[in-house]
K.L.:
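Structure incoming, see below.
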Amino acid sequence: MGYKDVYEAWKADPEGFWMKAAECIDWIEPPTRALDASRAPIYRWFPDAVCNTCHNAVDRHVEAGHGDRPAIIHDSPITGTKHVITYAELRERVASLAGALRARGVGKGDRVVIYMPMVPEALEAMLACARLGAIHSVVFGGFAAHELAVRIDDARPKAVIAASCGLEPGRVVPYKPLLDAAIEEAAHKPEFCVILQRDQQPAALIEGRDLDWHAFQVGVEPAPCEPVRGTDPLYILYTSGTTGQPKGVVRDNAGHMVALSWSMKNIYNVQPGDVFWAASDVGWVVGHSYICYAPLIEGCTTIVFEGKPVGTPDAGTFWRVIAEHKVRSFFTAPTAIRAVKREDPRGELAERYDLSSLQALFLAGERADPDTIRWAQELLGKPVIDHWWQTETGWAIAANPLGIELLPIKPGSPAVPMPGYDVQALDEGGHPVKPGELGAIAIRLPLPPGALPGLWNAEERFRKAYLEHFPGYYETGDAGMIDEDGYIYIMARTDDVINVAGHRLSTGAMEEVLASHPDVAECAVIGVADELKGQVPVGFLVLNAGVDRPHEDIVRECVQLVRERIGPVAAFKRALVVDRLPKTRSGKILRATMAKIADGAPFKTPATIDDPAILDEIRAALGR
Ligand code: COA
Ligand code: AMP
């Protein structure tokens with residue numbers, strides 16, 4: 001069957017399609033039906049299934065006789081170490097950790113926040129929670145204490161699992177002081193913390209609250225896999241929205257397993273035993289789906305890579321890892337390939353390695369520019385597959401389904417919708433636009449298995465943010481078009497979310513931080529095009545009347561404030577002091593127009609602008 005047949009088969013019988021896909025999962029009680037639409041537009045998949053995700057990701061492979069197969073390869077060019085964990089070892093380690101958590105009272109439905117770098121223990125912590133039916137919430141290590149505190153207050157975890165430190169090239173990032181500061185700031189106090197001490201910088205433990213990762217497991221009974229309902233939450237992953245309050249995207253157990261397993265076969269074209277590598281971070285959705293759960297559910301070997309595309313030690317690291325571990329499918333963000341290309345434009349480092357194991361390179365996380373795709377394609381002589389998805393969906397909305405058939409690649413397009421996704425470009429009135437015309441990209445409800453059933457404790461926000469604007473659809477927040485062949489093009493966001501080096505960030509959150517500076521009266525943050533990172537944030541500051549301190553000092557303090565409050569990952573390095581901000585007559589800041597000026601792109605002066613002369617001032621401030 002080709003792609004068209006598979007997509008049509010799904011359209012003709014969506015529930016039958018997913019019931020069939022569900023056969024690849026080991027159920028405690030198999031689902032008797034696929035979709036629960038009784039609370040539409042809120043949907044649930046596999047409502048009567050009983051299962052355990054950790055069993056499917058770990059135990060079942062050992063029980064099937066594959067205990068000796070490598071489950072995780074930790075490759076850390078930063079520490080110069082490599083380490084293999086087999087499925088049998090993984091089961092032992094996860095059952096022991098789960099047993100220790102259970103002995104401290106962690107059980108079904110309890111939340112556990114995980115704040116860890118790229119070490120196998122991060123995956124073990126996630127799987128241990130899944131084993132108990134506890135709900136994990138991983139927070140990316142590049143976020144600062146305040147962001148961690150916001151997530152602790154929203155998820156209200158019983159425990160936090162953290163490492164003493166993370167490692168960035170040339171510097172140790174002490175996590176423990178950030179964790180301590182976050183717990184201090186948060187109104188909710190976790191009962192205990194489990195700390196993985198790393199040799200590079202062990203942390204002082206707080207008596208009565210902090211437990212050592214190894215010591216607290218001594219003598220505990222390993223925990224078995226707890227049966228959970230298919231619709232029970234597996235995890236919460238916070239992602240940036242328009243405001244400083246992140247959205248807690250919820251993932252269920254059953255739909256998630258079914259969708260990920262389907263995607264491994266049909267999109268990434270891997271079989272049990274193949275080596276799969278997603279060079280991302282466990283703190284992002286790519287890390288959840290394709291470093292941890294999907295490769296393990298499928299019985300593949302996953303690579304946990306603690307390094308960067310360049311500088312650890314050079315721009316040949318990706319190729320070294322692929323050759324050494326015989327990676328079959330490789331997944332990273334376009335920005336990482338751009339970083340490699342910048343350092344090694346002729347791809348000389350790649351020539352040193354045998355890349356014959358690799359069948360394709362997959363890119364996602366931001367728009368993949370055609371130049372980068374062509375460069376990688378020429379270098380590798382393999383298909384370079386752009387695919388589009390979001391934290392909310394958990395797996396690709398649009399892709400080129402290599403496991404079904406490789407469709408013609410059109411650089412600039414993440415190809416075609418996957419089964420489960422009826423994607424439309426809509427006009428303001430909610431009507432599909434003509435092929436090739438720009439519209440708001442929306443997905444007809446219900447979303448498929450694996451996509452979010454809702455936001456953590458925020459059903460009203462879920463409805464408002466995603467379901468209300470276009471009734472009957474999920475609003476993706478992306479704008480783009482669909483061509484005559486059904487290929488989708490994702491061009492920009494329709495909200496104030498920006499994408500910096502494949503990381504999704506809220507300009508609203510940065511504005512909240514800048515506004516808290518005592519000299520700042522008003523501010524705006526926009527995303528400006530950047531050759532390496534896709535976009536970088538730039539702040540515009542209007543100062544309080546009478547402030548006569550040097551502007552450089554205020555800018556420096558603002559840059560530092562964003563780093564301290566949001567984290568280094570925001571990459572907020574540039575702010576400009578201006579007299580006024582361009583606004584509409586009703587007072588809305590014209591961020592999109594400012595971004596166009598910054599990018600040197602053509603724009604129309606909005607008819608609703610209060611004072612067009614301000615645009616000249618913005619242009620001058622930007623040196624445009
Ligand atoms: N813990 C602590 N700090 C972190 C961190 C972490 N886990 N991850 C990043 N940071 C810090 C970096 O050290 C850097 O700090 P600096 O301002 O002091 O230099 C800052 O956050 C920005 O990091 P990053 O976005 O990684 O930029 P970079 O300039 O260090 O590297 C790239 C540029 C392109 C190499 C890098 O962005 C990259 O590898 N991108 C791929 C992204 C990716 O895989 N995204 C996942 C989506 S699929
Ligand atoms: P995140 O939730 O962090 O994965 O970010 C999701 C957003 O990243 C999407 O809504 C898009 O704006 C952008 N994005 C992800 N993948 C792609 C892609 N392949 N092409 C264009 N934009 C993408």
Side-chain angles (χ1 to χ4, degrees), residues 115-118 122 139-144 163 165-175 178 237-241 247 249 278-291 305-312 315 317-318 331-343 362-369 373 385-399 412-415 441 452 475-480 488-495 497-505 530-536 559 562-563 566-573:
Y115 188 54
M116 294 184 92
M118 287 297 287
V139 179
F140 177 60
F143 281 124
C165 66
L167 304 172
E168 283 293 286
R171 82 187 154 103
V172 173
V173 184
Y175 280 14
L178 297 174
L237 177 58
Y238 288 90
T239 190
S240 299
K247 298 169 176 167
V249 168
S280 176
D281 188 286
V282 282
W284 307 113
V285 67
V286 174
H288 280 64
S289 294
Y290 293 106
I291 296 174
F305 173 73
E306 188 175 36
K308 298 265 171 172
V310 294
T312 59
T317 305
F318 277 176
F331 180 165
T332 192
T335 191
I337 299 296
R338 286 196 297 271
V340 171
K341 177 176 162 221
R342 195 162 74 165
E343 299 255 314
F362 291 87
L363 298 176
E366 59 176 322
R367 185 175 140 75
D369 51 291
I373 292 185
I385 296 181
D386 177 16
H387 59 328
W388 164 59
W389 49 299
Q390 312 183 305
T391 304
E392 288 85 344
T393 65
W395 64 288
I397 306 165
S413 164
I441 303 286
L452 81 171
E475 187 184 5
T476 65
D478 284 321
I488 296 168
Y489 292 76
I490 301 298
M491 310 306 289
R493 291 284 305 187
T494 55
D495 56 14
V497 164
I498 60 171
N499 198 312
V500 180
H503 308 318
R504 173 166 158 185
L505 297 167
D530 180 82
E531 251 184 40
L532 176 67
K533 297 195 173 189
Q535 282 184 303
V536 289
V559 166
V562 174
R563 193 177 172 94
I566 297 180
V569 67
F572 184 83
K573 307 236 155 128

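Whatever order the structure lists them in is the order used to number ligands and atoms, beginning at 1.
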K.L.:
In the protein, what heavy atom is nearest to atom 42 (C) of ligand 1, and what distance, to one decimal place, separates them?
P.N.:
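Ranked first by proximity to atom 42 (C) of ligand 1 is Ala501 O, 3.2 Å.
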
K.L.:
Is Ala279 near ligand 1, meaning one of its heavy atoms is under 4.0 Å from it?
P.N.:
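True for this residue.
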
K.L.:
Looking at ligand 1, would Met118 count as a contact under a 4.0 Å heavy-atom criterion?
P.N.:
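It does not, in that no heavy atom of Met118 comes within the 4.0 Å cut-off of ligand 1.
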
K.L.:
Can you pull out every salt bridge (Lys or Arg N to Asp or Glu O under 4.0 Å) where at least one residue sits in residues 390-399? Sequence neighbours excluded, please.
P.N.:
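Qualifying pairs: Glu392-Arg504.
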
K.L.:
Measure Tyr175 to ligand 1 on non-hydrogen atoms and call it side chain, backbone, both or neither using the 4.0 Å cut-off.
P.N.:
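For Tyr175, only side-chain atoms sit under 4.0 Å from ligand 1.
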
K.L.:
Sequence neighbours left out, what passes side-chain hydrogen bond (donor to acceptor under 3.5 Å, both in side chains) with Trp389? Give chain and number order.
P.N.:
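For Trp389 there are no side-chain hydrogen bond (donor to acceptor under 3.5 Å, both in side chains) partners, ignoring immediate neighbours.
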
K.L.:
Students should be able to answer this: which protein heavy-atom is nearest to atom 8 (N) of ligand 1, and at what distance?
P.N.:
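Sorting protein heavy atoms by distance from atom 8 (N) of ligand 1 puts Phe140 CZ, 3.4 Å first.
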
K.L.:
With the criterion set at N/O pairs under 3.5 Å, what does the list of contacts between the protein and ligand 2 look like, atom names and distances included?
P.N.:
unit_1   : atom_1 : unit_2 : atom_2 : d
ligand 2 : 2 (O)  : Thr391 : N      : 2.8
ligand 2 : 2 (O)  : Thr391 : OG1    : 2.5
ligand 2 : 2 (O)  : Arg504 : NH1    : 2.7
ligand 2 : 8 (O)  : Gly365 : O      : 3.4
ligand 2 : 8 (O)  : Asn499 : ND2    : 3.3
ligand 2 : 10 (O) : Gln390 : NE2    : 3.0
ligand 2 : 10 (O) : Asp478 : OD1    : 3.3
ligand 2 : 10 (O) : Asp478 : OD2    : 2.6
ligand 2 : 10 (O) : Arg493 : NH1    : 2.7
ligand 2 : 12 (O) : Asp478 : OD1    : 2.6
ligand 2 : 12 (O) : Asp478 : OD2    : 3.4
ligand 2 : 16 (N) : Gly365 : N      : 3.1
ligand 2 : 19 (N) : Asp386 : OD1    : 2.8
ligand 2 : 19 (N) : His387 : O      : 2.8
ligand 2 : 20 (N) : Glu366 : O      : 3.4
ligand 2 : 22 (N) : Arg367 : N      : 3.4

K.L.:
Starting from atom 39 (O) of ligand 1, locate the nearest protein heavy atom and write down its residue, its atom name and how far away it is, to 0.1 Å.
P.N.:
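I find the closest protein heavy atom is Pro309 CD, 3.1 Å.
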
K.L.:
Any protein heavy atom lying closer than 4.0 Å to atom 22 (C) of ligand 1?
P.N.:
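It does; a protein heavy atom is within 4.0 Å.
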
K.L.:
Quick test: of every protein heavy atom, which one is nearest to atom 30 (O) of ligand 1, and how far off is it to 0.1 Å?
P.N.:
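Heavy-atom neighbour on the protein nearest atom 30 (O) of ligand 1: Lys308 NZ, 3.9 Å.
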
K.L.:
How long is the gap from OG1 on Thr239 to NE2 on His503, to the nearest 0.5 Å?
P.N.:
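Answer rounded to 0.5 Å: 12.5 Å.
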
K.L.:
If the condition is side chain to side chain contact (heavy atoms under 4.5 Å, CB included), which residues does Ser413 pass it with, not counting sequence neighbours?
P.N.:
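So Ser413 forms a side chain to side chain contact (heavy atoms under 4.5 Å, CB included) with Lys410, Tyr487, Tyr489.
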
K.L.:
For ligand 1, note which part of Arg338 has a heavy atom under 4.0 Å away: side chain, backbone, both or neither.
P.N.:
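For Arg338, there is no contact with ligand 1 at all, from either part.
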
K.L.:
Who's the nearest protein heavy-atom neighbour of atom 10 (N) of ligand 1, and how far?
P.N.:
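The closest heavy atom on the protein side is Glu168 OE1, 3.3 Å.
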
